[in-house]
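The structure appears right after this line, and notes come after that.
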Amino acid sequence: MLTRRPPRAPGWLPARRTLFFAFVLLTALILRVTDVNPAVAQSQSIVAWRVDESPDLDPDAPIWDEIQRMSVPLTSQQVTVPAGGGTVPSVRVSAAHHDRILYLNVEWTDNTLNEASGAPEEFTDAAAIQIPAEHGSSVPAVCMGQADGAVNIWQWRADRQKGLDQLGKGADFVDVYPSTDELFFPAQSAGNALATPGADVVQNLVASGFGTLEPASVGVVAGQGRFSDSQWRVVFARPFPAPDEFQPTFEEGLEFDVAFAVWDGHRGDRDGQKSVSSFVRLKVSDTTAGSFTAAGSEGGSSGWLILLSAGLVAFVAYAVVVLVIPKRERPEEESA
Amino acid sequence: MTTNPSLQASGGGELWLIRAAVVAAGIELVVLRLVTRTAIHIPGISRVESPYRVTAEMGRLAYYVAVVLVVVALGSVLWRGLAAGRFGWNAVAIAWFIGAAGATRLGLTSDSTLAWSVVGSVLMLLPAALRRYQPRMLPILLFGMSFALAGLHAATQVNGFGSILGPAPTGFLPIAEALTVLACIASPMLVRTEVRRAPLLIGAGVALATFMALLASPATVKILLLWNFGLAGYFPAFFYAVAFGALAFTALSSRSTDAPLALGLALLVFGGLGLHSSYQSGLVLLGLVALATTNPTRETAAWIPEASEPRPEVSLIPVAAG
């Protein structure tokens, strides 16, 4: 029965180890004081490719099939009440720009279509994008920004789109209150964007921390959503130049931080109860997508199947060589 | 036990370096990633601002210490492999990763270079770890494939690489998470000692605590899982509870009899599936190196008969350093 500890393996003596740890600690202190981080982030990047043809606001425009979608994981919002959500596990995002207009296509799975919020327990599907107002500055808090770091939020709501569509088409006339006197429309009278006919489908908002969210004074963000096959696809579009200092200016070659939020009306999501992402990077590329997407558009994902299959075969072959060949046949161990 | 000539050439005895990296990364995980990120949301935290700032600073220092130790440990493996006249797959893997991380940090290459280096390095380091645990290598295989898939996800999501081959599949992460959970559940297969009561009870306690936490506040716990371990929480709470319990049991059972296994598993957990930075990828790669390292403590196990084999050398050089 072995109960004794093995003798200390040959290696560094305790004195040398102490010196080594002193060196490690000193190096760490220097790195900390100088704020030099040897590590580099491997966070995800969404690339907004330049495209020759405008995708407009069509979520099903052919160009979107040729651009890589990035899957961004979501989780529930737990910082402030009403907390919750997290029922949508991820959104798939692709981006493009044409004629100095940035387009973001946000897609997520939702088994139920909820585009009404007229009753007390009726909630709508919605999606939002958050971008820090200042490019290149330190990333503000993901929850509505902070005092020294404003954020610009674009929120699209299914009920708003439906309502506006129907107002435009004259549908659901029975639900329209006949009086036009503002006295009977207090929210509209107070300037509530949600109650204002003719307002934009996407709310353009700015915030500098909790409780500061308000409509942007200038600037319009366009948007269009489409629901089919249990998928919501929503396109947001905004020109590059910033309308004011609370909104970002996009330029080719620059990187931005961007976060996403999704509300599932069927699950009772509203206000702070939503599925949210952390910040990921958005790169506005100066490369034209068409220069390398032709093969992709023709090959679909078959190219991936070939690549992954080849990789799997290569790995299995390598593993067989390493694992199955008996040790005694391996030359380095024969010599041992 | 047959030893690799490169182990004898290495001089051995550096498992303490991995142990130090585990301690520093563990402190960083608890203090920086967990405490400071959650405490900031506690109402009234401003009243204890000074202790909070000191704690946060300790966490940051632990982070930098861990970064330095990971770089030194990986560099040590590479250096000793080269000194032994061997530049095999493992050396290629580590050199590739360190080179890619450094070049990306300096802005010399694109993000995808680093992401692909992680995929390649994991796959190149994996067989050595598999070979050590043969034939009970299923958990290691599952861990390796999950990290390779997580790396593949990152690699295909940056710089539009997928556009060359068509839109890349987006299901890598759920598959990777499923493999990770299965790997944790299967990890007791790696324990080569008889089942002891203490690890079993602690493992059961961890499983119960995880299950209760996920039931009591699923949203909060899932955020912590995502932040700290890169797990999005796709699956029912039961699986995560069993996975964490099994992993705790394995690590505790092997702590005194198979230190490289315990340290390797700890590094894989501390690195996390998210691979958010080159530091965390480095932890994962160092974990695979540890798993492939010869076991210096195995002969201390009571169940092993009186030593009839030569005492193994201790080295960071993996067994299959070819």
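- A side-chain donor-acceptor contact under 3.5 Å links B:Glu177 to the backbone of B:Tyr234.
- One N or O on the side chain of A:Asp269 and one on the backbone of A:Asp264 form a donor-acceptor pair closer than 3.5 Å.
- Contact annotation: the side chain of A:Ile46 approaches that of A:Phe260 to within less than 4.5 Å [non-hydrogen atoms, C-beta and beyond].
- For B:Val67, the part lying near chain A is the side chain, with the backbone staying farther off; criterion is any non-hydrogen pair under 4.5 Å.
- Of the two parts of A:Phe21, only the side chain, counted from C-beta on, holds a non-hydrogen atom closer than 4.5 Å to a non-hydrogen atom of chain B.
- For a residue to count as touching a neighbouring chain, one of its non-hydrogen atoms must lie under 4.5 Å from one of that chain's; by this rule B:Leu106 does not touch chain A.
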Inset, instruction - Output, in order, the C-alpha distance, side-chain angles, deciding distance and verdict of side chain to side chain donor-acceptor pair (under 3.5 Å) for A:Asn37 and B:Tyr279. - result: CA-CA 10 Å; A:Asn37 189 349; B:Tyr279 157 65; over 6 Å; no
